[in-house]
Amino acid sequence: MLPKEYRLKNKAAFSATYRIKNSFYKDGIVLYAGKLKADNENPTRVGFVVSKKTHKRAVRRNRLKRLMRESYRLMLKNNETGNAQNYMSLIFVGYEKAVGKNFDEIQNSIKDLIMRLK
RNA sequence: UAAAGCAGCCGGAUAAUCGCGCCCUAUAAGGUGAGGAAAGUCCGUGCAUCCAAGGACAGAUUGCCGGAGAAACUCCGGACGGUGUGAACCGGUGGAAAAGGACCACAGAAAGAUACAGCCUAAGUUACUACCAGUAAACGGCAAAGGUGCAAUGGCGAGGUAAGAGCUCACCGACGAUAUCGAGAGGUAUCGCUCAGGCAACCCCCAAUCGGAUGCAAGAUUAAAUGGAAGGUUAUAAAGGUGUCCGCCCACUUCCGAAAAAUCGCUAGAGAUUAGGAGUAAUCCUAAUACCAGACAGAUGAUUAUCUUGAAACAGAACACGGCUUAUGAGCUGCUUUAUUUU
């Protein structure tokens, strides 16, 4: 898990991020990027979403969210997030295709998505 | 030894690295952190808010007996019926002539009153041939044997008869009465001017019980903010609320937009574990012990290695509790039954 200050929290922030429609797709994962930062006071906040429509079982959804979150956390720790830190918020949405993949596959997808941010 | 039946257990472990929620201290360190079903949301409760004067009419639930339990489409023990060689298992199990209605697909003549194929080798009336006698032609009698169907008006045998029929009789079954045993459901025995399609998981009847609605996104407090549109307004109150109607309550109601923060509710309990006692059991009583998730975009994780047993199944708390139902890998334990072999 990420510390609290790195998490995207309320509904308004989520809808604000979606509204910008700056998205990228890779192997069942979609990345939405929010506004560019005005200053560097707050860290980039990240949300992870797997809808109930994607998969019925909570255990599988949790697994996908945790893998995505862990991938991002490790990148953050190793300072590999690159341009991602210029954005106020990021949302990763997992879809059916990504359910059941292992850690390496998820991490590659996340890495690829982040590299595409400018 | 094999195949079954029932009950129960387990629900991965260890190490390393990197992490998260909550508690406590306060950068650290420490403690603690999903389930047997947390699931489905099918029952029942607690708790919360709103409504509920009353009348009439509706409504809901339950349905063999006894017990347990806060209650339950709950549990335990028993009765009865059914299935199985058996251990055992299954059963929403009051009332279907003596209240009433509806329905009973297909097939079949007929699924509430019927005769398709038949029988009545001629008993009755008629007809035909002159009588006797013959003829199932008409009236009529029959429902036993045939076919259909889940089901055809209790089964089977004998008597009886023109042929037949509980028409009569024996045995069995059902129903009722009496006696007796039992706490009771019921069991047993005897008797009878008794013999009646099914369906009440359709309405209905009977008996018993029940304030209702909405669910923790309930709801309470604090802080902040309070724009627009439509309708209503001193009353016959439209809308709204109360199961319906009457009645009653309410001066604001509905929709859209914006903003959506913190605290409480929130986890010490119809709890848990252990021991003892009562009881066939469900369960209850007593004592001791410890405090054992509480998030709010929502923690309980990721990777690697080794091992069990191979690559660990089903599956993730969201106010809480009691049940039911469904899902579940590999393995283990106990008791019981049947079959076979040996002694």
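Order of the sequence lines fixes the chain letters, A, B, ..., with proteins taken first and strands second; residue numbering starts at 1 for each chain.
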Quiz item: Considering only the C1' atoms, how many Å lie between B/G298 and B/G310, rounded to the nearest integer?
Solution: 36 Å

Practice problem: Decide yes or no for A/Ile106 and A/Ile29: does some side-chain heavy atom of the first lie under 4.5 Å from some side-chain heavy atom of the second? | Solution: yes

Self-check item: Separation between the P atoms of B/A315 and B/U328, rounded to whole Å
Solution: 8 Å

Self-check item: Toward the 5' end of RNA chain B, by each residue's nearest nucleotide, A/Lys65 or A/Asp104
Solution: A/Lys65

Quiz item: Roughly, in whole Å, what's the span from CD in A/Glu70 to P in B/U17?
Solution: 16 Å

Practice problem: Check the pair A/Ile110 / A/Phe92 against side-chain contact (heavy atoms from CB on, under 4.5 Å), numbers first and verdict last. | Solution: CA-CA 9 Å; A/Ile110 298 281; A/Phe92 293 91; 3.7 Å; yes

Quiz prompt | Nucleotide paired to B/U190 in any strand shown, Watson-Crick or G-U, under 3.5 Å | solution = B/A177

Exercise. Could you give the distance separating B/C250 and B/A99 at their C1' atoms, to the nearest angstrom?
Key: 49 Å

Practice problem: Examine B/U300: is either OP1 or OP2 under 4.0 Å from a nitrogen or oxygen in the side chain of A/Arg66? Give yes or no. | Solution: yes

Quiz item: Does B/G36 adopt a syn or an anti glycosidic conformation, taking syn as a chi angle within 90° of 0?
Solution: syn

Quiz item: According to the Watson-Crick and G-U wobble definitions, with both distances under 3.5 Å, which nucleotide is paired to B/A117?
Solution: none

Quiz item: The side chain of A/Asn62 lies closest to which of these nucleotides: B/A315, B/A34, B/U303?
Solution: B/A34

Quiz item: How close or far is atom P of B/G19 from atom CE of A/Met75, stated in whole angstroms?
Solution: 16 Å

Self-check item: Gap in Å between the two C1' atoms, one belonging to B/G91 and one to B/A145, rounded
Solution: 38 Å

Quiz prompt | 5'-most by nearest nucleotide on RNA chain B - A/Val49 or A/Phe103 | solution = A/Val49

Quiz item: B/A278 pairs with which nucleotide, Watson-Crick or G-U wobble, both distances below 3.5 Å?
Solution: B/U283

Quiz item: Rounding to a whole Å, what distance do you find between A/Phe48:CZ and B/C296:P?
Solution: 17 Å

Exercise. Please work out whether B/A158 sits syn or anti, treating a glycosidic angle within 90° of 0 as syn.
Key: anti

Self-check item: B/A196: syn or anti, per glycosidic angle within 90° of 0
Solution: syn

Quiz item: Do A/Val50 and A/Phe48 touch side chain to side chain, with heavy atoms closer than 4.5 Å?
Solution: no

Quiz item: With a 4.5 Å heavy-atom cut-off, do A/Val30 and A/Phe24 have their side chains touching?
Solution: no

Practice problem: To the nearest Å, give me how far apart CG (A/Leu74) and C1' (B/G301) are. | Solution: 11 Å

Self-check item: Any donor-acceptor N/O pair under 3.5 Å between B/C18 base and A/Arg73 side chain
Solution: yes

Practice problem: Step by step, work out the side-chain contact (heavy atoms from CB on, under 4.5 Å) result for A/Val49 and A/Tyr95. | Solution: CA-CA 9 Å; A/Val49 175; A/Tyr95 287 100; over 6 Å; no

Practice problem: In whole angstrom, give me the gap between the C1' atoms of B/G94 and B/U83. | Solution: 26 Å

Quiz item: With respect to the phosphate group of B/G301, does any side-chain polar atom (N or O) of A/Arg63 fall under 4.0 Å of OP1 or OP2?
Solution: no

Quiz item: Considering only the P atoms, how many Å lie between B/A70 and B/G5, rounded to the nearest integer?
Solution: 37 Å

Quiz item: Across all strands shown, which nucleotide pairs with B/C106 by Watson-Crick or G-U wobble geometry, both distances under 3.5 Å?
Solution: none

Quiz item: With both distances under 3.5 Å as the test, what is the Watson-Crick or G-U wobble partner of B/A302?
Solution: B/U17

Self-check item: Steps toward side-chain contact (heavy atoms from CB on, under 4.5 Å) verdict (A/Met68, A/Gln107)
Solution: CA-CA 7 Å; A/Met68 294 196 298; A/Gln107 192 169 38; over 6 Å; no

Quiz prompt | Qualifying residue, where the test is side chain to side chain contact (heavy atoms under 4.5 Å, CB included) with A/Leu67 and the options are A/Lys65, A/Glu70, A/Arg63 | solution = A/Arg63

Quiz item: A/Met68 CE to B/G298 P: how many Å, rounded?
Solution: 12 Å

Practice problem: Return the value, rounded to whole Å, for the distance between atom CZ of A/Arg60 and atom P of B/A315. | Solution: 7 Å

Self-check item: Watson-Crick or G-U wobble partner of B/G134, both distances under 3.5 Å
Solution: B/C128

Practice problem: Please tell me which of the listed nucleotides, B/A315, B/A34, B/C18, lies nearest to the side chain of A/Arg57? | Solution: B/A315

Quiz item: Roughly how far apart, to the nearest Å, are B/G33 and B/C291 at atom C1'?
Solution: 14 Å

Self-check item: Main-chain N/O of A/Met75 paired to A/Tyr72 side chain as donor or acceptor, under 3.5 Å
Solution: no

Self-check item: Pair assignment for B/U328, Watson-Crick or G-U wobble, requiring both distances under 3.5 Å
Solution: none

Quiz prompt | Gap in Å between the two C1' atoms, one belonging to B/A60 and one to B/G11, rounded | solution = 42 Å

Quiz item: Out of B/U303, B/A299, B/G316, which has the shortest distance to the side chain of A/Arg69?
Solution: B/A299

Quiz prompt | Distance in angstrom units between A/Arg61 CZ and B/A39 P, rounded | solution = 13 Å

Quiz item: Partner of B/U61 by Watson-Crick or G-U wobble geometry, both contacts under 3.5 Å, or none?
Solution: B/A208

